[in-house]
J.: 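Before we start, here is the structure in question, set down as structure tokens.
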Amino acid sequence: MKVIIKFFCFLFLFQNMNSQNNKFKKSLKEESLSQKKEFIEFYDTINKIYSNYKYNIGFKIPKKWSVDKGFGEHTILRTYDADSSNSFTINVIETKYDVEKDFWKTYDKNKDEFENKYLKILESQLNTKIKNYSVEKSFIKNFHSLKRKFEFTRKEQDFEYEIVIVIQQVVKNHLTYTFSLSIPKMFYDSNPNHYEKIFYNLHFLIDKKKLDSLIKPK
């Protein structure tokens, strides 16, 4: 799963590959190393609700799942069930320009080229064949998303089993959100709707800066 997370930036980079302003802002983990401390996230351990006020995203943790910061630089939350190997991650990349502005137009124009490259890189990095790969447009809380789903074989020592990955990607202004669900196929196939409903636990929080700009008189 850690390797897969690295690919999420690729969609974002591809649609801006001709931009002269292709610059990222510091990740949340980079900022946490600085001396300046701000109230940017909160985890309600009683109700199991994670809220991030820097990126305006919240998530209701499934019952009995554990929580940590994950492996990736841009991973702000990883929640998982150690007994079943189910996991869900939230990754956020922030840029210094509006990535949303031409996102869907650029993607639609280059969809086939991009998806072919994406699949080849994915198979190369995972060192295995990707099966049942699909991509479609969808929605998360009324925001357009790009939904990918695929399967691959994971081998660990003497064990071998199939994994299902479901990825939803949303772009909002300067932010690219990537939400990823990883589940052993034997569990996913038993109740696909149950597991995909985990995406319903996502909530986009109020953007205070945007709200202030609407309220203040011009």
J.: Within this structure, what is the CD1-CD1 distance for the pair I90 and I57, rounded to the nearest 0.5 Å?
T.: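 I90 CD1 to I57 CD1: 5.5 Å, rounded to 0.5 Å.
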J.: Where is the tightest heavy-atom contact between P62 and K48, given as atom of each residue plus distance?
T.: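 That would be O-NZ, 3.3 Å.
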J.: List the atom of S84, the atom of P184, and the distance in Å for their closest heavy-atom pair.
T.: O-CG, 3.2 Å
J.: Applying the side chain to side chain donor-acceptor pair (under 3.5 Å) criterion to Q169, which one of N91, T176, T178 satisfies it?
T.: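 Going through the options one by one, the only one that passes is T178.
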J.: Between K147 and E196, does at least one N-O distance fall below 4.0 Å, as a salt bridge requires?
T.: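 E196 and K147: salt-bridged.
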J.: With distance as the sole test, does N56 use its side chain to make a donor-acceptor pair with the main-chain N or O of L205 at under 3.5 Å?
T.: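 Not a single qualifying donor-acceptor pair exists.
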J.: With a 4.5 Å cut-off on side-chain heavy atoms, are F150 and N132 touching?
T.: no
J.: Pick one: which of L77, D44, I49 meets side-chain contact (heavy atoms from CB on, under 4.5 Å) with I61?
T.: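 Of the listed options, the one satisfying the test is L77.
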J.: Counting the benzene-type ring for Trp, do F59 and F179 have ring centres under 6.0 Å apart?
T.: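 No; F179 has its ring centre 6.0 Å or more from that of F59.
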J.: May I ask you to say whether K63 pairs ionically with D81, meaning some side-chain N is under 4.0 Å from a carboxylate O?
T.: no
J.: Quick one: does H203's side chain get under 4.5 Å of K141's, heavy atoms only?
T.: yes
J.: Please enumerate all residues that pass side-chain contact (heavy atoms from CB on, under 4.5 Å) together with S66, with sequence neighbours excluded.
T.: Y80
J.: V99 vs L175, test: side-chain contact (heavy atoms from CB on, under 4.5 Å). Steps then yes/no.
T.: CA-CA 7 Å; V99 68; L175 301 173; over 6 Å; no
J.: Contact between T106 and N110 at the side-chain level, heavy atoms closer than 4.5 Å - yes or no?
T.: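 Heavy-atom side-chain distance check passes, below 4.5 Å.
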J.: Do the two ring centres, one from F143 and one from Y177, sit under 6.0 Å apart?
T.: no
J.: Is K117 paired with E113 through a side-chain N to carboxylate O contact shorter than 4.0 Å?
T.: yes
J.: Before accepting this row, confirm whether a basic side-chain N of the pair K129/E151 lies closer than 4.0 Å to the acidic partner's carboxylate O.
T.: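 Salt bridge between K129 and E151, a charged N being under 4.0 Å from a carboxylate O: no.
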J.: For the residue pair F204 and I140, what are the closest heavy atoms and their distance?
T.: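 Scanning both residues, the minimum pair turns out to be CE1-O, 3.7 Å.
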J.: Taking the ring centre of each residue, are Y97 and H174 less than 6.0 Å apart?
T.: no
J.: Do R148 and E136 sit within salt-bridge range, that is, some charged N less than 4.0 Å from a carboxylate O?
T.: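 No.
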J.: For the residue pair Y133 / E123, report whether a side-chain donor-acceptor contact shorter than 3.5 Å exists.
T.: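 No.
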J.: If you round to the nearest 0.5 Å, how far is CG of N127 from OG1 of T153?
T.: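 Output value for this atom pair is 11.5 Å.
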J.: Can you measure from OG (S182) to CD1 (I163) and round to the nearest 0.5 angstrom?
T.: 5.0 Å
J.: With the side chain counted from C-beta on, respond yes when W104 and L146 share a heavy-atom pair under 4.5 Å apart, and no when they do not.
T.: yes
J.: Is any side-chain heavy atom of V166 less than 4.5 Å from a side-chain heavy atom of F199?
T.: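 V166 reaches F199 side chain to side chain.
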J.: After noting the C-alpha distance and the side-chain angles of K185 and F152, does the key distance pass the side-chain contact (heavy atoms from CB on, under 4.5 Å) rule?
T.: CA-CA 9 Å; K185 189 175 175 3; F152 70 94; over 6 Å; no
J.: Does some side-chain heavy atom of R78 sit less than 4.5 Å from a side-chain heavy atom of F88?
T.: no
J.: Rounded at 0.5 Å granularity, tell me how far NZ in K197 sits from CG in N201.
T.: 11.0 Å
J.: Under the criterion side-chain contact (heavy atoms from CB on, under 4.5 Å), I'd like the reasoning laid out for L126 against L122: C-alpha separation, chi angles, the key distance, then a yes or no.
T.: CA-CA 6 Å; L126 290 174; L122 198 60; 4.0 Å; yes
J.: Which heavy atom in E41 sits nearest to a heavy atom in I76, and how many Å separate them?
T.: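 It is OE1-O, 4.5 Å.
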J.: Answer yes or no: are there more than 12 heavy-atom neighbours, outside K137 itself, under 6.0 Å from its atom NZ?
T.: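 Yes, the 6.0 Å shell around NZ holds more than 12 heavy atoms from other groups.
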J.: Please round to the nearest 0.5 Å and tell me the distance separating atom CG of N86 and atom NZ of K64.
T.: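 Spacing of CG (N86) from NZ (K64) equals 13.5 Å.
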J.: Would you compute the distance between atom NZ of K60 and atom CG of N47 and round it to the nearest 0.5 angstrom?
T.: 5.5 Å
J.: Are side-chain heavy atoms of M186 and E162 found at a separation under 4.5 Å?
T.: no
J.: I'd like to check the salt bridge (Lys or Arg N to Asp or Glu O under 4.0 Å) partners of D158; sequence neighbours left out, ordered by chain and number.
T.: none
J.: Is it the case that the side chain of N52 and the backbone of Y55 share a donor-acceptor pair, with hydrogens and angles ignored and the cut-off at 3.5 Å?
T.: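 Yes, N52 side chain to Y55 backbone: donor-acceptor pair under 3.5 Å.
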J.: Could you report the tightest heavy-atom contact between E100 and N173, atom names first, then the distance?
T.: OE1-N, 2.7 Å
J.: Does any non-hydrogen side-chain atom of S87 lie less than 4.5 Å from one of T79?
T.: no
J.: Tell me whether H144 at atom NE2 has more than 12 heavy atoms from other residues, nucleotides or ligands lying less than 6.0 Å away.
T.: no
